[in-house]
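Keep in mind that what you see is a predicted model, and the values were worked out from it rather than measured. We name chains A, B, ... by the order of the sequence lines, and we start the count at 1 in each one.
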There are 2 protein chains.
Amino acid sequence: MSKDPEYLAKLQDYYAEHRILPSFSGMGALVGMKSKSAVSAMVGRLIEAGYLAYAPDRRIQPERRFFEREIADTIQAGLPRPANDSQSEVCSIDEYLIDSPSRTVLLAIKGDSMIDAGLMPGDKVIVKKGAPAKPGDIVVAIVDNEFTVKYLEQDKTGFYLRPGNKAFPNIRAQDHLEVFGLVVGSFRKYV
Amino acid sequence: MSKDPEYLAKLQDYYAEHRILPSFSGMGALVGMKSKSAVSAMVGRLIEAGYLAYAPDRRIQPERRFFEREIADTIQAGLPRPANDSQSEVCSIDEYLIDSPSRTVLLAIKGDSMIDAGLMPGDKVIVKKGAPAKPGDIVVAIVDNEFTVKYLEQDKTGFYLRPGNKAFPNIRAQDHLEVFGLVVGSFRKYV
DNA sequence: CACACTATAGAACGATCGTTCTATAGTCAA
DNA sequence: TTGACTATAGAACGATCGTTCTATAGTGTG
């Protein structure tokens with residue numbers, strides 16, 4: 001029925017490329033509309049639906065739902081997708097991975113000491129600074145003035161760090177173990 | 001000397017909040033300038049320095065350097081430098097991983113057939129539908145009406161799918177291999 | 001000190017902005 | 001069919017846009 005999803009997709013693509021949204025006439029050219037009033041109406045609908053919003057200076061900014069990404073339906077893999085895909089599930093990656101931006105930092109994995117945990121060299125881990133960690137969690141600790149990502153473990157002598165790779169030894173701090181933060185997620189980009 | 005870094009920081013903060021950049025007069029209000037010509041000059045300097053650029057409709061868009069974060073972000077008093085120095089960090093993971101939203105879907109990994117590739121059950125992969133794939137790439141193929149994530153490989157008899165786990169066999173389609181898309185990234189959340 | 005250089009202020013300009021109005025085309029239900 | 005509703009086109013409007021000019025203040029050099 002409505003072509004709004006198609007328009008939204010074009011705005012999302014434009015945004016992914018330029019990191020800003022175009023003006024109304026720019027949007028018209030982008031989605032193939034010839035009148036700004038049509039663009040204005042469409043923008044109104046997308047605002048109503050939670051995809052766009054007004055910035056303080058009345059420019060249009062993307063809203064929460066603008067960054068929702070579609071999750072492929074495993075069941076219907078082979079079948080052509082029905083046109084009314086309003087049912088399809090969505091996920092906002094940033095919201096999914098980060099719940100407290102101010103306490104969150106990213107760190108790149110170096111070496112393959114956590115390879116069995118699925119953390120490969122170059123992967124980025126999402127670290128929640130100062131979050132409480134318990135044995136079995138993956139943490140970022142400070143060893144010899146460097147960040148290191150390892151499993152946090154505990155035995156009768158206290159806490160220690162266990163690599164996710166049998167070829168590496170456990171690390172036990174002499175006095176006390178300094179945990180920088182908790183690893184709450186990771187991500188990776190293929191070239 | 002120059003207050004440009006301070007101005008840039010305010011623009012970055014504004015962008016982080018609104019995901020767009022304001023107009024020249026908006027920028028002036030943001031950074032405390034009273035004339036648009038000063039803003040224009042500043043924008044010119046930031047463009048020259050690679051932080052900003054012109055979008056097709058002459059709006060200002062952020063450039064690559066705009067998203068680099070100071071290493072100081074992860075330094076705290078008394079703490080060592082992060083191990084990933086000189087690596088630029090990205091504000092939005094979504095924007096880092098997805099460059100063509102309309103062609104992108106997410107898919108959850110099932111089973112451990114790609115465990116050696118660092119893809120564990122429950123991980124989400126970012127799939128670029130219809131993107132060209134070459135041998136060695138990780139792809140999403142449709143086998144028996146279900147999505148499957150495997151390495152795409154090629155030998156003298158043609159293309160086949162190779163799991164990232166020696167315990168699983170290669171998959172060779174009888175007639176032709178249906179590749180749904182290319183895996184361009186992945187992410188994972190720890191409980 | 002004089003001089004060169006830079007950053008900002010302020011004003012003027014045409015271009016473009018977003019809003020708002022009316023009009024047209026299409027769809028759906030009765 | 002008629003009527004209600006929606007989406008788009010087109011035009012007009014004042015507001016705002018970004019550019020460009022001159023002028024002023026500050027800074028560093030010699």
Side-chain angles (χ1 to χ4, degrees), chain A residues 1-15 17-66 81-87, chain B residues 1-66 70 102:
Chain A
M1 178 94 348
S2 170
K3 290 159 75 181
D4 283 354
E6 168 194 330
Y7 299 150
L8 175 63
K10 289 186 176 170
L11 289 177
Q12 287 169 326
D13 283 349
Y14 183 95
Y15 186 86
E17 181 176 359
H18 297 291
R19 305 285 182 225
I20 54 164
L21 291 172
S23 65
F24 276 31
S25 53
M27 291 186 197
L30 186 65
V31 306
M33 282 175 173
K34 290 177 182 172
S35 79
K36 285 191 293 179
S37 63
V39 175
S40 179
M42 173 198 67
V43 168
R45 295 193 298 272
L46 291 179
I47 288 176
E48 189 67 23
Y51 292 103
L52 299 174
Y54 281 108
D57 62 351
R58 299 221 24 103
R59 287 200 169 189
I60 304 299
Q61 69 174 71
E63 254 292 27
R64 208 167 149 266
R65 295 196 65 192
F66 191 84
R81 295 182 41 77
N84 70 346
D85 48 346
S86 55
Q87 311 282 33
Chain B
M1 178 87 350
S2 171
K3 291 158 78 181
D4 283 354
E6 168 193 333
Y7 299 150
L8 176 63
K10 288 187 176 171
L11 289 177
Q12 287 168 328
D13 285 348
Y14 184 94
Y15 187 88
E17 181 176 359
H18 297 291
R19 302 259 164 229
I20 54 164
L21 292 172
S23 65
F24 276 31
S25 53
M27 290 186 196
L30 187 65
V31 306
M33 282 175 173
K34 290 176 182 172
S35 78
K36 285 191 292 179
S37 62
V39 176
S40 178
M42 174 197 67
V43 168
R45 295 192 299 271
L46 291 179
I47 288 176
E48 189 68 23
Y51 292 102
L52 300 174
Y54 280 108
D57 62 350
R58 302 226 12 109
R59 287 199 169 191
I60 304 299
Q61 69 174 66
E63 260 291 12
R64 176 158 297 276
R65 290 195 66 188
F66 187 86
E70 290 299 321
S102 67

Take atom [atom1] of [X] and atom [atom2] of [N], then tell me their distance rounded to the nearest Å.
X	N	atom1	atom2	answer
M42(A)	dT19(C)	CE	P	12 Å
R58(B)	dA15(C)	CZ	C1'	12 Å
E6(B)	dT8(C)	CD	C1'	14 Å
R59(A)	dT16(D)	CZ	P	13 Å
I60(A)	dT19(C)	CD1	C1'	12 Å
K3(A)	dA25(C)	NZ	C1'	13 Å

Just verifying a value: how many Å separate [X] [atom1] and [Y] [atom2], rounded to the nearest 0.5 Å?
X	Y	atom1	atom2	value
M33(B)	M42(B)	CE	CE	5.0 Å
I60(A)	I47(A)	CD1	CD1	4.5 Å
D57(B)	Y14(A)	CG	OH	4.5 Å
R59(A)	S23(B)	CZ	OG	5.0 Å
Q61(A)	L21(B)	CD	CG	11.5 Å
K3(A)	L8(A)	NZ	CG	14.5 Å

> More than 12 heavy atoms of other residues, nucleotides or ligands under 6.0 Å from NZ of K10(B): is that the case?
Replying inline: yes
>> Just to be sure I understand the geometry, which residues of residues 19-28 of chain A put a non-hydrogen atom under 4.0 Å away from DNA chain C?
In response: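 Those residues whose heavy atoms fall under 4.0 Å from DNA chain C, taken from residues 19-28 of chain A in numerical order, are S23(A), F24(A), S25(A).
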>> For the helix from dC1(C)-dG30(D) to dA30(C)-dT1(D), what angle separates the axis at the start from the axis at the finish, each from five pairs, in steps of 10°?
In response: 40°
>> Can you identify which nucleotide, out of dA7(C), dA9(C), dA7(D), has its nearest atom closest to the R45(B) side chain?
In response: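 Nearest nucleotide to the side chain: dA7(C).
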>> Is any side-chain heavy atom of L11(B) closer than 4.5 Å to one of F66(B)?
In response: yes
> Within a strict 4.5 Å, meaning less than it, do heavy atoms of the P62(A) and I20(B) side chains meet?
Replying inline: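 Yes, at least one pair of side-chain atoms sits under 4.5 Å.
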> Want to settle it: does Y7(B) or D57(B) sit nearer the 5' end of DNA chain C, counting the closest nucleotide to each?
Replying inline: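 Its nearest nucleotide being more 5', the pick is Y7(B).
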> Closest heavy-atom contact between R65(A) and Y51(A)?
Replying inline: NH2-OH, 3.0 Å
> Which heavy-atom pair separates S102(B) from D13(A) by the least distance, and what is that distance?
Replying inline: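 Distance-wise, the nearest heavy atoms are OG-OD2, 2.5 Å.
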Write down the protein N/O and nucleotide N/O pairs, taken from nucleotides 10-13 of chain D, whose separation is under 3.5 Å; answer none if there are no such pairs.
unit_1	atom_1	unit_2	atom_2	d
dG10(D)	O6	S37(A)	OG	2.7

